[in-house]
Asks: 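The following block contains the structure, expressed as structure tokens.
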Amino acid sequence: DTEVTQTPKHLVMGMTNKKSLKCEQHMGHRAMYWYKQKAKKPPELMFVYSYEKLSINESVPSRFSPECPNSSLLNLHLHALQPEDSALYLCASSRNGLAGELFFGEGSRLTVL
Amino acid sequence: ILNVEQSPQSLHVQEGDSTNFTCSFPSSNFYALHWYRWETAKSPEALFVMTLNGDEKKKGRISATLNTKEGYSYLYIKGSQPEDSATYLCAARGSNYKLTFGKGTLLTVNP
């Protein structure tokens, strides 16, 4: 299994809703990432978990809350988002720590109304 | 903070043409350079990871070179095919291990 699976593919939520994005990989990778990508911009790093511990938080607003329940799963909990948070959220994993190539999911397209 | 620049932003070529794009990055605190291919409605897929100055890597018709002293990498596609149409992203990893992406080059290969 060489896939990173993200659910849902599309999510529409209001500014008062609480929702979660999920990411799963079964490749035994020990680092997992959340990136945010807006149209015509490069993917921007949000969070990195290495060996299930939060290693990097790129000063992301607290309305985004990451969680890594185990080495295969990565969640992004969303609460009180703003319309400008609408974007494609990409999850990725890498084999050993923070070096090496990233394996990406197809992304979750989020629209905040 | 790494600033990764890619050019051109977009490119249209005819089937059979060879093409190349550029990625530039700060040469200080450099650790690795990644190239990814991102087809529409799919996930970005790694092409190459390069670390050493003068590195050259090849995968089929696609190859890449790296110059860490002057801070640039070239991606070459020989004999472009319609299935090569995609956005090609480069990303630089600094000594803090963070991977910073460029905006990408959108390649369209016309049959």
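A, B, ... follow the sequence lines: proteins, then strands. Residue 1 opens every chain.
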Asks: Between His29(A) and Ser94(A), is there a side-chain donor-acceptor contact under 3.5 Å, judged purely by atom types and distance?
Replies: no
Asks: Non-hydrogen atoms of chain B under 4.5 Å away: do they reach the side chain of Leu102(A), the backbone, both or neither?
Replies: both
Asks: Examine whether an atom of Leu106(B) lies under 4.5 Å from a heavy atom of chain A, and if so say whether it belongs to the side chain, the backbone or both; otherwise answer neither.
Replies: neither
Asks: What part of Ala91(B) lies closer than 4.5 angstrom to a heavy atom of chain A: side chain, backbone, both or neither?
Replies: neither
Asks: Under 4.5 Å from any heavy atom of chain B, what part of Gln37(A) do you find: side chain, backbone, both or neither?
Replies: side chain
Asks: For Gln6(A), is it the side chain, the backbone, both, or neither that has a heavy atom closer than 4.5 Å to a heavy atom of chain B?
Replies: neither
Asks: With a 4.5 angstrom heavy-atom cut-off, is it the side chain or the backbone of Lys9(A) that approaches chain B, or both, or neither?
Replies: neither
Asks: Do Phe25(B) and Phe30(B) have their ring centres less than 6.0 Å from each other?
Replies: yes
Asks: Side chain, backbone, both or neither: which part of Lys42(B) has a heavy atom under 4.5 Å from chain A?
Replies: backbone
Asks: I need the contact set between residues 43-73 of chain B and chain A: heavy-atom distance under 4.5 Å, sorted by residue number.
Replies: Ser43(B), Pro44(B), Ala46(B), Val49(B)
Asks: Side chains of Glu67(A) and His77(A) only: does a donor on one sit below 3.5 Å from an acceptor on the other?
Replies: yes
Asks: Show, in sequence, the C-alpha distance, side-chain angles and deciding distance for Lys98(B) and Glu58(A), and conclude whether the salt bridge (charged side-chain N to carboxylate O under 4.0 Å, His left out) test is met.
Replies: CA-CA 10 Å; Lys98(B) 282 169 44 181; Glu58(A) 286 291 280; 2.7 Å; yes
Asks: If you count the non-hydrogen atoms of other residues, nucleotides and ligands that lie under 6.0 Å from OH in Tyr76(B), is the total more than 12?
Replies: yes
Asks: Counting only heavy atoms not in Lys38(A) (residues, nucleotides, ligands), do more than 12 fall under 6.0 Å from its NZ?
Replies: yes
Asks: Would Glu52(A) and Arg30(A) pass as an ion pair if we require N to O under 4.0 Å?
Replies: yes
Asks: Can you confirm if the aromatic rings of Phe47(A) and Tyr33(A) lie within a centre distance of less than 6.0 Å?
Replies: no
Asks: Do Phe101(B) and Tyr35(A) have ring centroids that are under 6.0 Å from one another?
Replies: yes
